[in-house]
Each structure stands twice: as structure tokens, then as C-alpha cells.
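Notes for the one structure printed next.
Computed over heavy atoms, backbone and side chain alike; hydrogens, waters and symmetry mates excluded.
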Amino acid sequence: MGVLVCYDDFTYDVINDYFLDYLLSTGCIIGFDRSEHWMKKEEAPLPATLQQRHTSA
């Protein structure tokens, strides 16, 4: 499934959904469109791998 993302240089692209976790964790994007609802990076839930690291620290 394609996800519309906005990169930190304010360019837009459609990516595969499995790549979204990587872009969120690296901070390369500032927002994305999830099911017709625009999400800012700050509002996005952490990927499962980051949640595990965050809670175990």
C-alpha cells in the first residue's frame, strides 16, 4: 500500500508502507497521510521496535 509522506525538505513522495517505520525512526519525514488523515510526525505512534527500546530503557 502506498503512503504519502512529506520529507524534512518539504518534498512529497509515495512510499511502500513497510518503509514508513524506518523513515519515522530516522527522522527523515515530518508528516504522512494515513487513511485520508494527515499525521504530523509528533502525533505518529512509535514503531513497535522503538516502543520496545523505549520501555526497556
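Shortest non-hydrogen contact noted between Asp33 and Val3 is O-CG1, 3.7 Å. Closest non-hydrogen pair, Asp8 versus Ile30, comes out as CA-CG2, 3.9 Å.
Separating the CZ atom in Phe19 from the CG atom in Asp13 is a distance of 9.5 Å, to the nearest 0.5 Å. The OG1 atom of Thr26 sits 10.5 Å away from the CG atom of Asp21 when rounded to the nearest 0.5 Å. Put simply, SG on Cys28 and CG on Leu20 are 11.5 Å apart, with the number rounded to the nearest 0.5 Å.
Listed by chain and number, the residues in a ring pair (Phe, Tyr, Trp, His ring centres under 6.0 Å) with Tyr7 amount to none (sequence neighbours excluded). Under the side-chain contact (heavy atoms from CB on, under 4.5 Å) criterion, Tyr18 pairs with Asn16, not counting sequence neighbours.
Looking at Leu24 and Phe32, their side chains come closer than 4.5 Å, going by heavy atoms from C-beta outward.
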